[in-house]
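Count residues from 1 along the sequence.
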Amino acid sequence: MAAIAFPDGAAALMVVIVFSLIFLGIFRHYSDDKEFITNIFLVGLILRLGFGIIVHFFNLRDFFGGDALTYDTRGYSLLLSWFGNSAFTFNTTDPGWGMYYVVGVLYAVVGRNILAAQSLCAVIGAATAPTVYFCARSIFTNKSVAKNAALAVAVFPSFVIWSGQLLKDGFIIFLLVLAITMVLALQERLNPLALALLLLSVGGILTLRFYIFYMVAVAIVGSFVVGISNSPGSLVRRTMVLVVLGLGVTYIGITRNATENIERYGNFDQLQRSRSDLAQSAKSGFSEDTDVSSANGAISAIPVGFVYLMFAPFPWEVSSLRQLITLPEVLLWWAMMPLLAYGMWWAIRHKLRSALPAMIFTLMLTLAYSIFQGNVGTAYRQRTQIQVFLFIFIAVGWQLYKERTADRKLIALDKRRRFEHSLRARAEQR
């Protein structure tokens, strides 16, 4: 980094070092497997930084993620406006305004440096893998499941692509996992730090992609209503957490911003306009004639939208180089579907209460994107917000498969030993 783009690369490297040390210090403090947590963070970080350097050196931001240039420009304009040198203004109801603040604050420290900004995104993306480890460990109390889920998030190509650039996707995914992890922690005991991090997470999600906030809120409330225990102490603790959360989101203005956003964008006509724009904005649009301006229309759009959201791009519909390079990953994703079904089935039967926050959120966001999305490229990009939790259930399915395979081998070995013992006994009798 320092050699390719000096001095911007050197400043970016310092950003990486500072934030990496902060995250590693936190993760190692709370982990019982410090070596794995450190290694999985560093593997994810190296992949994201490497991809980011390629994008920067060969000027591929328009090809992989043109939004990066928008965040760079608007973040810098926001910084200038703080010093009275720019007329740039925005409303807190504008989608994604939180990313402008992230870039503006960073540029205030290191100067305008898009490589430093995307490197910060890479650190956040890498930090998602250890956070997934903690989340999966909290739900299933199985170290192997937690490790496999974290590994998948660290190395899966789509996660590397969307969190290795100056895009808000990496921040959103990290905050989603952090929020669900804090919910699980608060289910166990009342923890002021976990409560503060939960408020920070939902507030950050609102500033980055406001409609996800409502789904997270429903998942949080639903999980606390159901709980993991019906003991009086648990009921009191969950009620206290909900009251404090309600007061917190009201006090810091989250409720007001959420209300303004829902009034501005929360109607079927706006949904139809957005979906139509996505379907017609590129060659990768699909179901352009679908009308979601009514409840019946929205519901009827779900089956086709779900198929594209979960499985596109399809090999027989590839029409661009960007779609072509995703095919190996897509085929691998398809191959994981039996493990996903197996893992979710087991979780519903045995760990429903613990897995409920992740399940509620995943289901709601899947349905929302199935209605809203009309573009293969956007669906592929935003699928990562769902995959980050689905990989946990895939890891469960994989662990169950390995255990069943090992059990069958042991049973077969035991039968063979009994058979051999029976033969020896007969031989001795003769």
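Side-chain atoms of Lys34 come within 3.5 Å of backbone N or O of Ser31 as a donor-acceptor pair. Checking side-chain atoms of Ser163 against main-chain N and O of Phe159 turns up a donor-acceptor pair under 3.5 Å. In this structure, the side chain of Arg322 engages the main chain of Phe63 through a donor-acceptor pair within 3.5 Å. With hydrogens and angles ignored, the 3.5 Å screen pairs a side-chain donor or acceptor of Gln165 with a backbone N or O of Ile161. Of the possible polar contacts, one joining the Gln187 side chain to the Ser223 backbone as a donor-acceptor pair under 3.5 Å is found. A side-chain donor-acceptor contact under 3.5 Å links Glu329 to the backbone of Ser158. Remark: the backbone N or O of Ala379 is not paired with any side-chain donor or acceptor of Arg383 at under 3.5 angstrom. Side-chain atoms of Ser77 do not come within 3.5 Å of backbone N or O of Arg74 as any donor-acceptor pair. No side-chain donor-acceptor contact under 3.5 Å links Asp72 to the backbone of Ala68.
The shortest heavy-atom contact between Leu79 and Ala108 is CD1-CB, 3.6 Å. Scanning both residues, Ala129 and Ala150, for their nearest heavy atoms gives O-CB, 3.3 Å. The two residues Val155 and Val43 come nearest to each other via the heavy atoms CG1-CG1, 4.0 Å. Residues Ala136 and Ile392 approach most closely at CB-CG2, 3.8 Å, considering heavy atoms. Between Val123 and Ser20, the closest heavy-atom pair is CG2-OG, 3.9 Å. Pairing each heavy atom of Asn113 with each of Ala12, the nearest pair is ND2-N, 4.1 Å.
Using a 3.5 Å distance cut-off with no hydrogens or angles, the side chains of Arg61 and Gln118 do pair a donor with an acceptor. Looking only at atom types and distance, the side chain of Tyr380 has no donor-acceptor partner in the side chain of Gln323 under 3.5 Å away.
For the pair Leu167/Cys121, no side-chain contact is recorded, criterion being any heavy-atom separation below 4.5 Å from C-beta on. Using a 4.5 Å heavy-atom cutoff, the side chains of Leu176 and Gln385 are in contact. Taking the side chain as every heavy atom from C-beta outward, Leu186 and Phe224 approach each other to under 4.5 Å. Residues Phe140 and Ser354 fail the side-chain proximity criterion, which asks for heavy atoms closer than 4.5 Å. Between Arg209 and Ile212, some side-chain heavy-atom pair lies under the 4.5 Å cut-off. Side-chain contact between Ile40 and Pro130: present, with at least one pair of heavy atoms (C-beta onward) separated by less than 4.5 Å. Using a 4.5 Å heavy-atom cutoff, the side chains of Leu198 and Ile220 are in contact. At least one side-chain heavy atom of Ile114 sits under 4.5 Å from a side-chain heavy atom of Leu69.
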For this session: Please test Trp398 against Tyr401 for side-chain contact (heavy atoms from CB on, under 4.5 Å), starting from the C-alpha separation and ending with a verdict.
Result: CA-CA 5 Å; Trp398 174 244; Tyr401 170 76; 3.7 Å; yes
Problem set entry | Full working for side-chain contact (heavy atoms from CB on, under 4.5 Å) between Leu106 and Val102 | CA-CA 6 Å; Leu106 180 65; Val102 171; 5.7 Å; no
For this session: Mind running ring pair (Phe, Tyr, Trp, His ring centres under 6.0 Å) on Phe174 and Phe23 for me, showing each step along the way?
Result: CA-CA 12 Å; Phe174 172 74; Phe23 277 112; 5.8 Å; yes
Exercise. Does the side chain to side chain donor-acceptor pair (under 3.5 Å) test come out yes or no for Tyr211 and Tyr369, once each step is laid out?
Worked result: CA-CA 11 Å; Tyr211 53 84; Tyr369 280 154; 3.3 Å; yes
For this session: Tell me, with the steps shown, if Val396 and Gln399 meet side-chain contact (heavy atoms from CB on, under 4.5 Å).
Result: CA-CA 5 Å; Val396 173; Gln399 186 63 26; 5.8 Å; no
Exercise. What do the steps show when you test Ile360 against Met364 for side-chain contact (heavy atoms from CB on, under 4.5 Å), and what is the final call?
Worked result: CA-CA 6 Å; Ile360 292 176; Met364 293 189 64; 4.0 Å; yes
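A ring-centre distance under 6.0 Å is found for Phe314 and Tyr308. Note: Phe361 and Phe389 meet the aromatic proximity criterion, with ring centroids under 6.0 Å apart. Outside the 6.0 Å centre-distance limit, the rings of Tyr133 and Phe41 are not counted as a close aromatic pair. Taking the ring centroids of Phe391 and Trp333, they lie under the 6.0 Å cut-off. Taking the centre of each ring, Trp162 and Phe156 stay at or above the 6.0 Å mark. Ring centroid separation for the pair Trp97 and Tyr100 does not come in under the 6.0 Å cut-off. Taking the six-membered ring for Trp and the full ring otherwise, the centers of Phe393 and Tyr342 sit at least 6.0 Å from each other.
Taking CD1 from Ile139 and OG1 from Thr181, the interatomic distance works out to 7.5 Å, rounded to the nearest 0.5 Å. Atoms CG and CZ, from Asn375 and Arg381 in turn, are 11.0 Å apart once rounded to the nearest 0.5 Å. Summarising the geometry, atom CZ belonging to Phe171 is positioned 10.0 Å from atom OG1 belonging to Thr207; distances are rounded to the nearest 0.5 Å. With rounding to the nearest 0.5 angstrom, the CE atom of Met359 is 14.0 Å from the CZ atom of Arg353. The CG atom of Leu367 sits 8.5 Å away from the CZ atom of Phe306 when rounded to the nearest 0.5 Å. Between the CD1 atom in Ile173 and the OG1 atom in Thr131 there is a gap of 11.5 Å [rounded to 0.5 Å].
Only one option out of Leu80, Val103, Thr73 pairs with Arg112 in a side chain to side chain contact (heavy atoms under 4.5 Å, CB included); it is Thr73. Partner of Leu120 under the side chain to side chain contact (heavy atoms under 4.5 Å, CB included) criterion, chosen from Leu166, Val15, Val18, Leu115: Val15.
Checked for salt-bridge contact, Asp67 and Lys168 miss the test: no charged N lies under 4.0 Å from a carboxylate O.
Aromatic ring pairs are classed by plane angle as parallel below 30°, tilted from 30° to 60° and perpendicular above 60°; the pair His350 and Trp346 is tilted.
Remark: Lys147 qualifies as a cation-pi partner of Phe36 under the 6.0 Å distance and 45° angle criteria applied to the six-membered ring.
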